[in-house]
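Notes to accompany the following structure.
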Amino acid sequence: MCGVTGWIDFSRDLSQESGTLQAMTDTLACRGPDAAGIWLGGHAAFGHRRLAVIDVDGGKQPMAAEGAETTELFVLTFSGEIYNFRELRDELISHGHAFRTKSDTEVALRSYLQWGTSFAERLNGMYAMGLWDPRRQELLLVRDRMGIKPLYYFPTHHGVVFGSEPKAILTHPAVPCQVGADGLREVLDMVKTPEHAVYSGMYEVRPGHLLRVNRFGLTKHRYWALEARPHADDLNTTIETVRDLLVDTVRRQMVSDVPLATLLSGGLDSSAVTALAVGTVEPGTLRSFSVDFSKTRDTFEPDAVRGAADAPFARELARHVRSHHTEIMLDSRELLDPAVRSAVLAATDIPPAYWGDMWPSLYLLFREVRKHCTVALSGEAADELFGGYRWFHNPRAVGAQTFPWLTSGSSRYFGGLRLLDASLLEKLDIPGYREARYREALAEVPALPGESGLERRMREITYLNLTRFVQTLLDRKDRMSMAVGLEVRVPFCDHRLVQYVFNVPWSMKSFDGREKSLLRAATTDLLPSSILTRAKTPYPTTQDPDYELGLRAEMREILANQDAPVRPLLDTENVRTALARPKEAVSRSYSRGSLELAVWLNRWLTEYDVTLTI
């Protein structure tokens, strides 16, 4: 999987800048625990941390190769996986290319040598890369179509600094650690504006885009985007096509030279991935993992979003497909452990302001999985693609003129501003910012001529989910997994599947009146009926009241510290009111989310020494 970083400067010789490059590269050590490397050229310098998955011995980076018309080296620093690398390798050999390794990294590099900037259109995978072209004296930054792998950059007066994570860029002496009003708005609201990186002057390469940086500046090129196309297939053909695409995608993503597993919740998505993955290996050899909370394991209480505990369903699926299943049990002490919280923040670079305990629990889950495997397949993005969330089926959410996950009844995990100072919230105008970002997103949505009514609106809802909401999930998955050196693959993000299902009419996606009708129909012969009929259930959160009590304790320490950097951002009277609630009133309420946000903000401002310019 790996971590990449680099520095381009057309005004100076970077061959003597090993200290800066090494420091930038070292920040990504968790992403690549197996090897490290730097490459220094005249105006370009690359760093790389490697998690060895394909061609363990031969895939070292940064990787260099000579072009056909020059002895100067083309250099690549690459993160991710190319799932069709074997087919591309064969094609490149037919064009006369000779390979020194068996890695997909060399396939990516030689694909550029053969096809130039159009090479990205041939790649099937998840990737983020920096490529130096010595002929053109040009850097290319390329990100996969769905934004599975992160890639950030900071333009300078004479070039650019880039990295897999903001921390690598912030380590560069020319980059300030500043956050302005828009950056704070992005932290506090669930809008995930494409290209926005929170830190002032820093940007994220947009999914499906390629950036070119040369002496004349920076230009952006979109090589892929969702398109509106007529859907001519009938229902049975559509179901068969979805199944065929899933089978092929999972088969491709099972390629690994290191131990591989699946993440299994017992829901439809992860169960489908696990059942398909089992079919590609020897019976009884695939490992699967699930997570639960030890203190409330036997006292689960259904609530507004979770109708049943995951564990019984995960066990049933594991028995059904004969996977070697492991349940990982967590408790509130682990979730609140300062070392765990610091590790989460160090992986995210910004405060995880929503989803609360899901961040540390995901980190702990991945840390345990990593003890047994290096690669895991996940069911992420199926809900966004097939229409699994409740807001796809709630007429009020569908009709609301905002992001559907932020409507009343849907925003359970995304609200936490009630403890912030009123004057700060007035200055930030979160509702106004949200509306502007929503209008921008809506203006991007492709449509078919004459498409209107519910079909047009559901295309819009799907587009918003695939280009905004799922980005938050993919980012969380990447940061928490790479923090422990685990590669997580997401078959439902295969661009062929995404493009096909995006254009299936909503009436067909919901043909049986259920959520994810197509996915159920495409996997009905693989799964037990209990899972096929199970309602959508999100990633679990702890129901242990001790968790909120732990947040309260940390908040009291903040209130007692006059120098706590988050204090000027808070309404301290509201904080005291929240802390005064009796112990028996502790529940997963707004106060828990608000406390979570406040303590994460304080930790971020402290550990990153952030300068707020609002």
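For this chain, numbers begin at 1 and follow the sequence in order. These values consider heavy atoms only, across backbone and side chains, with no hydrogens, waters or symmetry-generated copies.
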Any [X] side-chain heavy atom under 4.5 Å of [Y] side chain:
X      : Y      : value
Ser79  : Met129 : no
Thr262 : Ser323 : no
Leu532 : Arg514 : no
Pro528 : Leu317 : yes
Val187 : Pro351 : yes
Val53  : Arg489 : yes
His324 : Thr285 : no
Pro446 : Phe502 : yes

Could you tell me whether [X] and [Y] make a salt bridge, using a distance below 4.0 angstrom between a side-chain N and a carboxylate O?
X      : Y      : result
Glu204 : Arg143 : yes
Glu451 : Arg459 : yes
Arg479 : Asp475 : yes
Asp478 : Arg31  : yes
Lys371 : Glu368 : yes
Asp248 : Arg252 : yes
Asp525 : Arg243 : yes
Glu596 : Arg341 : yes
Lys516 : Asp269 : yes
Arg50  : Asp34  : no

Which residues pass the ring pair (Phe, Tyr, Trp, His ring centres under 6.0 Å) test with Tyr500, sequence neighbours left out?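 Listed in chain order: His231.
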Among all residues two or more places apart in sequence or in another chain, which pass the ring pair (Phe, Tyr, Trp, His ring centres under 6.0 Å) test with Phe366?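 Listed in chain order: nothing, the list is empty.
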Donor-acceptor side-chain pairing of [X] and [Y] below 3.5 angstrom:
X      : Y      : value
Tyr389 : Glu384 : yes
Asp357 : Thr541 : no
Lys509 : Ser517 : no
Asp310 : Ser265 : no
Thr374 : Glu487 : no
Ser290 : His325 : yes
Arg287 : Thr326 : yes

Mark yes or no: Arg592 above the aromatic ring of Tyr547, with NZ or CZ under 6.0 Å from the six-membered ring centre and no more than 45 degrees from the axis.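 Ring-cation test returns no.
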N/O donor-acceptor pairs under 3.5 Å from side chains in residues 465-472, not counting sequence neighbours:
{"residue": "Asn465", "atom": "OD1", "partner": "Trp391", "partner atom": "NE1", "Å": "3.1"}
{"residue": "Asn465", "atom": "ND2", "partner": "Ile461", "partner atom": "O", "Å": "2.8"}
{"residue": "Thr467", "atom": "OG1", "partner": "Tyr463", "partner atom": "O", "Å": "2.8"}
{"residue": "Arg468", "atom": "NH1", "partner": "Glu444", "partner atom": "OE1", "Å": "3.0"}
{"residue": "Arg468", "atom": "NH2", "partner": "Glu444", "partner atom": "OE2", "Å": "3.1"}
{"residue": "Gln471", "atom": "NE2", "partner": "Met146", "partner atom": "O", "Å": "2.9"}
{"residue": "Thr472", "atom": "OG1", "partner": "Phe469", "partner atom": "O", "Å": "2.6"}

What is the minimum heavy-atom distance between [X] and [Y], and which atoms define it?
X      : Y      : result
Arg86  : Val255 : NH2-CG1, 3.8 Å
Ala261 : Leu286 : CA-CD1, 4.3 Å
Val273 : Gly379 : CG2-CA, 4.3 Å
Val242 : Ala522 : CG1-CB, 3.8 Å
Arg229 : Asn503 : N-OD1, 2.7 Å
Gly416 : Leu597 : O-CD2, 2.8 Å

Residue pair Leu406, Asp189: steps toward the side chain to side chain contact (heavy atoms under 4.5 Å, CB included) verdict: CA-CA 9 Å; Leu406 295 177; Asp189 205 20; 4.0 Å; yes
Is a donor on one side and an acceptor on the other found under 3.5 Å between the side chain of [X] and the backbone of [Y]?
X      : Y      : answer
Glu186 : Thr193 : yes
Arg145 : Gly125 : no
Arg370 : Gly485 : yes

At what distance, to the nearest 0.5 angstrom, does [atom1] of [X] lie from [atom2] of [Y]?
X      : Y      : atom1 : atom2 : answer
Glu240 : Leu245 : CD    : CG    : 12.0 Å
Arg520 : Arg534 : CZ    : CZ    : 10.5 Å
Phe289 : Ile328 : CZ    : CD1   : 6.0 Å
Glu455 : Glu460 : CD    : CD    : 12.0 Å
Thr249 : Asp494 : OG1   : CG    : 3.5 Å
Phe492 : Leu377 : CZ    : CG    : 10.0 Å

Within the supplied structure, the quantity of interest is the number of heavy atoms (other residues, nucleotides, ligands) at a distance under 6.0 Å from Arg322 CZ; does it exceed 12?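 No - once you tally the heavy atoms of other residues, nucleotides and ligands closer than 6.0 Å, there are 12 at most.
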May I ask you to check whether over 12 heavy atoms, not counting those of Glu282, lie within 6.0 Å of atom CD?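 Atom CD in Glu282 is not crowded, with 12 or fewer foreign heavy atoms closer than 6.0 Å.
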Hey, mind stepping through Gln543 and Phe293 against side chain to side chain contact (heavy atoms under 4.5 Å, CB included) and telling me if it holds? CA-CA 8 Å; Gln543 295 184 341; Phe293 301 97; over 6 Å; no
For the pair Leu362 and Val344, evaluate side chain to side chain contact (heavy atoms under 4.5 Å, CB included) and give the outcome as yes or no after the intermediate values. CA-CA 9 Å; Leu362 203 59; Val344 168; over 6 Å; no
Candidate pair Phe85 and Ile54, rule side chain to side chain contact (heavy atoms under 4.5 Å, CB included), full reasoning: CA-CA 11 Å; Phe85 78 99; Ile54 301 293; 4.0 Å; yes
For a side chain to side chain donor-acceptor pair (under 3.5 Å) check, start with the C-alpha distance between Glu515 and Ser510, then their side-chain angles and the critical distance, and finish with the verdict. CA-CA 6 Å; Glu515 75 278 5; Ser510 55; over 6 Å; no
From CA spacing to verdict: side chain to side chain donor-acceptor pair (under 3.5 Å), Lys149, Ser164: CA-CA 8 Å; Lys149 303 312 299 174; Ser164 291; over 6 Å; no
Which word best sums up how the rings of His393 and Trp506 line up, parallel for under 30°, tilted for 30 to 60°, or perpendicular for over 60°?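 Judged by the thresholds at 30° and 60°, the geometry between His393 and Trp506 is tilted.
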